Each structure stands twice: as structure tokens, then as C-alpha cells.
Amino acid sequence: MTIVTRFAPSPTGFLHIGGARTALFNWLYSRHVGGVFRLRIEDTDRARSTPEATQAILDGLRWLELDWDGEVVYQFARMARHAEVAREMLAKGHAYHAYETPDELARMREEQKKAGKSIRYEGHWRDRDPKDAPPGVKPVIRLKAPATGETVVEDLVQGTVRVANEQLDDMVLLRADGTPTYMLSVVVDDHDMGVTHIIRGDDHLTNAFRQSQIYVAMGWEIPRFAHIPLIHGADGAKLSKRHGALGIGEYEKMGFLPAAMRNYLLRLGWGHGDVDIISTEDSVKLFEIGDIGRAPSRFDLAKLTNMNGHYIRAGDDANLLACAEPFIVQKLGRPLTAPQHGRVLRGMAGLKQRAKTLVELADAALFYCHERPIPVADKAKALLGGVGREHIRALAPAFAGLGEWSEGAAEAALRAYVEKSGVKMGEVAQPLRAALTGQAQSPGLFEVMAALGREETLGRLADAAK
RNA sequence: GCCCCCAUCGUCUAGUGGCCCAGGACGCCGGCCUCUCACGUCGGUAACGUCGGUUCGAAUCCGUCUGGGGGCGCCA
């Protein structure tokens with residue numbers, strides 16, 4: 001049997017870190033078993049669903065490179081089918097009409113709260129004759145849930161979880177206006193879509209009981225559940241849109257790589273021994289639901305950043321440039337010229353060693369892209385005064401006279417100068433660095449000279465010598 | 001209030017009765033490398049929440065308490 005997983009977000013806001021991880025786990029598991037990963041947008045809440053949010057979710061998944069199979073299912077479009085199932089349950093005696101108004105229910109909840117009782121629908125219309133219905137009130141359809149015994153969920157992550165049926169009330173399946181509730185829609189859609197494994201946040205664990213009852217009432221096979229612990233914010237509370245959580249798009253803007261994000265999210269709650277760096281390819285091979293932890297975890301930006309640095313250092317130069325170029329262009333306010341593009345590419349080996357995000361990478365690459373005379377930072381200016389300038393003036397001819405322009409040749413020339421003049425390497429290297437990059441820190445000098453090329457190097461030295 | 005889940009360094013975790021006076025990673029602190037900054041590397045800091053069982057032996061099994069989280073909508 002084909003294993004089918006799904007990610008089913010509601011488009012009421014952006015895709016945050018928790019949702020992204022849920023999507024990742026579903027994707028990973030389906031790829032691991034050679035199954036199918038589907039996407040369903042749960043847009044039945046018309047008041048809160050927006051096209052912008054749907055777009056943000058789609059964009060987020062694409063950025064993370066989590067590709068789904070088949071067409072996206074929009075839940076709202078399947079309303080008629082959901083209502084049909086509700087009526088079928090009514091016909092089979094597994095559901096009934098209830099005539100309380102929302103106001104009445106709110107009042108009842110209020111009284112239960114005041115009396116210190118648990119808050120649930122008491123089932124007033126469960127066995128009442130519909131003939132007693134108050135005139136003019138449109139009924140909802142409620143599930144006739146088992147009143148005794150217990151409902152058991154065999155959860156792939158949480159283990160066997162059981163609850164007494166007295167704890168569960170008769171939930172609404174179809175609203176008075178004829179629209180289905182979430183509880184009904186998920187079950188019908190998951191069933192119709194052939195979903196075999198539901199991997200979702202822990203906050204749905206109690207929903208699994210009620211959904212199981214619908215599966216049982218309809219005589220459908222219950223899928224396997226895997227409720228993964230939530231990701232908490234630094235304060236330990238649930239991460240949500242109104243709780244400091246950022247949309248996945250924000251992380252893109254901060255210069256994180258999708259591969260690093262996937263790796264970080266994977267390690268948040270899933271482990272394979274004590275390895276931290278796991279490629280997406282390997283994680284597809286290794287991912288098992290049973291290895292998901294049961295404890296909630298906190299989001300740690302420092303670790304994500306470190307991991308991102310790892311992926312940048314290990315990245316392919318040309319690809320890194322492609323990823324960083326938009327950031328560079330934004331900072332520059334203009335596109336790169338071909339020579340500048342070439343310099344950054346040649347200098348990438350040294351640049352990527354020093355950056356933890358694409359933003360940092362772009363910042364560090366800027367000096368390769370500036371037109372002469374290049375801007376000079378304050379710290380670098382201090383290096384270019386007095387003795388510093390003298391060294392540059394003395395060195396310029398030595399570099400200009402180089403037969404071959406290479407890292408090795410440049411280094412030999414500088415070392416010869418240092419030896420002859422008896423100064424320390426640092427005393428001359430720093431002014432040189434300031435002249436070439438306009439900064440007090442940069443990748444290795446000779447590497448910079450090689451990447452800059454002879455003409456640009458000599459030009460910048462001349463600018464600084466003035 | 002009721003129901004459910006969880007509990008190893010600050011954080012992510014390894015650990016499934018003896019190999020653990022608990023290992024790795026991030027962070028933090030120090031050393032080395034060195035033309036700067038990084039990278040790398042070496043070392044340090046730091047945890048089995050409590051109490052009680054079971055056992056020759058418990059981070060690992062059971063219970064209690066405490067703490068944290070989630071849910072209890074004609075939201076999803």
C-alpha cells in the first residue's frame with residue numbers, strides 16, 4: 001500500500017517555523033518510504049483565510065524546497081462533500097440535530113465554568129424528538145459520540161494514549177449555515193485523499209480522539225497518527241503568529257540557506273545518534289517516525305546561524321554567489337559589472353570562510369564591487385596615515401614590477417620587503433589591507449590581490465598613496 | 001476547573017539496567033595557528049527536577065510530588 005502523508009496548514013497567516021518543521025517531517029517520511037506527500041490548504045474559515053497567506057505558505061514551502069505531489073487541495077472547495085458525509089452520519093444515526101444558538105452555548109459554558117465543572121456540551125438534543133425543536137432555529141449537526149468506554153489512539157510518537165469517552169462531548173460537524181467544521185473536514189479529506197500517516201503538531205493530539213470517532217462512525221480505516229511536540233519560543237511558550245514567531249520568509253531575508261534551515265529543523269526533535277550535520281539526502285535515507293522525540297524543544301537562532309555558517313563554508317562558490325548576489329545588489333543599489341562579478345567569484349573561497357549568513361557574505365564581498373576610489377572605513381583610515389602610507393608608496397613599485405600576478409608572487413614580494421626594511425609583517429599588511437579593501441579586516445591579503453587582479457590592485461594602491 | 005502530553009548541561013540532543021562520578025553540538029571562557037577577521041585546532045564551563053519504590057546495580061523500570069506545555073469553539 002502506498003504511504004500518503006500530508007501537510008495541511010490553514011491560510012490565516014504566514015508559514016512559521018513549527019509549520020515548516022511539520023511539513024519537513026511529512027515530506028521526509030514520504031520520501032523515505034517512497035510514498036506520496038500532499039498539500040492541503042484548510043481554508044474553510046472564510047473570515048480568517050486570505051489569499052496572501054496561502055501564497056506565503058506556498059512560497060515558504062518552495063523556498064524550503066519541499067515539493068508536494070499532485071494538485072494542492074483547497075478544503076473550501078470540498079464543502080459539499082463534507083456536508084454529504086454529515087448527512088450520511090445523520091441518516092445512519094451517528095449524528096443528530098441540535099438547536100441551541102451560539103449565545104445559549106456561550107451561556108452554558110459560562111455556567112459550567114462558574115460551577116467549576118468541565119466545559120462540554122451536555123447533549124441536550126441527543127435523544128430529544130426533533131418535533132420539540134424551537135421554531136425558526138436552524139440546527140447544527142452534532143456527532144453522537146459514544147458516552148461510555150474509552151477512545152484509544154495508538155500514536156507513533158506519543159505511544160498509546162487513551163481518554164474516557166465522558167471527557168469528549170458531541171462536537172458540531174455541520175454548522176447551522178450548512179458549512180462543515182474543521183473536525184469533519186479533516187477526516188473526510190484525509191480519507192478521500194488516501195492519507196495513511198498524519199504527522200502534525202501535538203496541539204492536535206486531543207483532536208485525534210474525536211476524529212477517530214468519526215472514522216469509526218463512518219466505518220473508515222483510521223490512519224496512523226504521529227503527534228510531534230511543538231517548538232517553543234525562547235520563553236518556553238507555544239510558538240505562534242502572535243507570539244514572536246517569524247514567517248519562514250523572514251529567515252530567507254536574514255540570509256539563511258534552505259539546506260541549513262532544513263538541517264536545523266530536522267535536529268529540532270529528531271535525532272540519529274549524535275550527528276548534527278545531516279544532508280537532506282542522508283536525512284531522507286535515515287528518517288524514521290520512531291526517532292522523533294517526545295519532548296518539546298526551543299528555537300535557538302544561534303545554533304541555526306552556526307549551522308548556516310557550516311553550509312556556507314561547504315557551499316559551491318558559484319552557487320553561493322548566485323544566492324548572495326541579490327543581497328549584494330540591494331546593498332549596492334545597482335547590479336554588478338562583469339569584472340566585479342568575477343572578483344567576488346575568485347574571492348569566494350576566502351569570503352565564505354568568514355560569513356554565517358548570506359547577509360554577512362554580501363557585506364564582506366562589497367569591497368570587491370566598489371568603484372575606485374573605494375570608500376574607506378574609519379578604522380581603515382587610521383591605518384593609512386603616516387608610516388602606513390609610506391609603506392604603500394614603497395611597495396607599489398614592487399608589486400607593479402611583478403612578472404606573474406599570483407598569490408605566491410605577491411606574498412614573495414611582500415616578504416622580501418618586510419625582510420629588507422626590518423618591519424613586522426603586521427605593520428605593513430594592515431595598511432595594505434586598508435588600501436585594498438577599505439576595511440581593517442578582510443580575507444587574506446594575497447588572495448584579495450589575486451582576486452582583484454593586477455590593474456585594480458595597483459589602482460587602489462595608487463589611490464591610497466596620494 | 002477538567003482532560004492529555006512532556007521532563008539529561010543556558011539551548012539542541014546521545015543514552016533504552018552495569019561500558020556514565022553521563023558523550024556530542026551550539027553558546028560562553030581561555031590557549032594555539034596567524035598579515036587582520038574568520039576558519040581550524042586544543043582545553044575549560046555546565047545537566048540526569050523531587051521524594052519514594054523495584055533491583056546486587058538505575059539517567060535508564062514503577063509510583064508521588066513539582067515544574068513546563070497542549071487541549072476543552074457553530075477557529076483551524
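Each chain gets a letter, A, B and so on, in the order its sequence line appears, and its residues count up from 1. Please read all numbers here as calculations on a predicted model, not as lab measurements.
- For the pair R40(A) and Y74(A), the cation-pi criterion (under 6.0 Å, within 45° of the ring axis) is not fulfilled.
- Side-chain atoms of Q112(A) and E122(A) form a donor-acceptor pair, as typed in the model, at a separation below 3.5 Å.
- Rounding to the nearest 0.5 Å places CD of E150(A) at 11.5 Å from CG of L168(A).
- At the heavy-atom level, T181(A) lies under 4.0 Å from the strands shown only through sugar-phosphate atoms.
- As a whole-Å value, the separation of D203(A) CG from rG68(B) C1' is 16 Å.
- Here E100(A) lies in heavy-atom contact (under 4.0 Å) with a base.
- Within 4.0 Å of R415(A), counting heavy atoms only, lie sugar-phosphate atoms of the nucleic acid but no base atom.
- Straight-line distance from the CD1 atom of I277(A) to the P atom of rG24(B): 17 Å, rounded to whole Å.
- No engagement by K379(A) is indicated, since no non-hydrogen atom pair under 4.0 Å with the nucleic acid exists.
- The CG-P distance, from N306(A) to rC26(B), rounds to 5 Å in whole Å.
- Across all strands, P443(A) comes closer than 4.0 Å to base atoms (heavy-atom distances).
- A salt bridge links R393(A) to E390(A): one of the charged nitrogens lies within less than 4.0 Å of a carboxylate oxygen.
- With both pairing distances under 3.5 Å, rC21(B) is matched to nothing as a Watson-Crick or G-U wobble pair.
- No side-chain donor-acceptor contact under 3.5 Å links H124(A) and Y99(A).
- Between D169(A) and R210(A) there is a salt bridge, since a side-chain N of the basic residue sits under 4.0 Å from a carboxylate O of the acidic one.
- Remark: R109(A) is not in phosphate contact with rC2(B), judged by side-chain N or O atoms under 4.0 Å from OP1 or OP2.
- Nearest nucleotide to the side chain of K303(A), out of rC12(B), rC74(B), rC35(B): rC12(B).
- Across all strands shown, Y264(A) has no heavy atoms under 4.0 Å from either base or sugar-phosphate atoms.
- Within residues 158-166 of chain A, the residues having any heavy atom under 4.0 Å from RNA chain B are, by residue number, Q158(A), V161(A), R162(A), V163(A).
- Dense packing is recorded around NZ of K381(A), with more than 12 heavy atoms of other residues, nucleotides or ligands lying under 6.0 Å away.
- Side-chain atoms of R48(A) come within donor-acceptor range of the base of rC75(B), with a qualifying N/O pair under 3.5 Å.
- Minimum atom distance to the side chain of A429(A) is reached by rC35(B), of the listed rC35(B), rA76(B), rC6(B).
- The CZ atom of R48(A) sits 6.5 Å away from atom OG of S10(A), with the distance rounded to the nearest 0.5 Å.
- Using a 4.0 Å heavy-atom criterion, one finds that G269(A) contacts the sugar-phosphate atoms exclusively.
- Contact of R433(A) with rC35(B) (side chain to base): a donor-acceptor pair of N or O atoms is detected under 3.5 Å.
- With both pairing distances under 3.5 Å, rC33(B) is matched to nothing as a Watson-Crick or G-U wobble pair.
- Residue L445(A) is classed as a base contact, given a heavy-atom separation below 4.0 Å to a base.
- Base contact: N207(A) has a heavy atom under 4.0 Å from a base atom.
- A residue-by-residue look at K356(A) and S297(A) shows that S297(A) has its nearest nucleotide of RNA chain B further toward the 5' end.
- The two residues P229(A) and D202(A) make their nearest non-hydrogen contact at CA-OD2, 3.6 Å.
- Rounded to an integer number of Å, the gap from CD of Q75(A) to P of rC75(B) is 13 Å.
- Across all strands shown, rA59(B) remains unpaired; no Watson-Crick or G-U wobble contact has both distances below 3.5 Å.
- Nucleic acid contact for H204(A): base, since at least one base atom lies under 4.0 Å from a heavy atom of the residue.
- A salt bridge is defined here as a Lys NZ or Arg NE, NH1 or NH2 lying under 4.0 Å from an Asp or Glu carboxylate O, and R46(A) with D43(A) meets this definition.
- The separation between L436(A) atom CG and rC37(B) atom P is 18 Å, rounded to whole Å.
- Taking the side chain of T206(A) as heavy atoms from C-beta on, and the options rG71(B), rU36(B), rG24(B), the nearest nucleotide is rG71(B).
- Across all strands, T44(A) comes closer than 4.0 Å only to sugar-phosphate atoms, never to a base (heavy-atom distances).
- The residue P102(A) sits close to a base: some heavy atom pair falls under 4.0 Å.
- Along RNA chain B, the nucleotide nearest to F446(A) and the one nearest to V137(A) differ in position, and the one closer to the 5' end is contacted by F446(A).
- Among the atoms of the strands shown, none is found under 4.0 Å from any heavy atom of L304(A).
- Side chain of D45(A), nearest nucleotide from rC74(B), rC75(B), rC5(B): rC75(B).
- No N or O donor and acceptor, one from the side chain of R313(A) and one from the base of rC39(B), sit under 3.5 Å apart.
- rC2(B) is paired with rG71(B) under the Watson-Crick or G-U wobble criterion, all donor-acceptor distances under 3.5 Å.
- Among the protein residues, A302(A) comes within range of the sugar-phosphate backbone only, with heavy atoms under 4.0 Å from sugar or phosphate atoms but none that close to a base.
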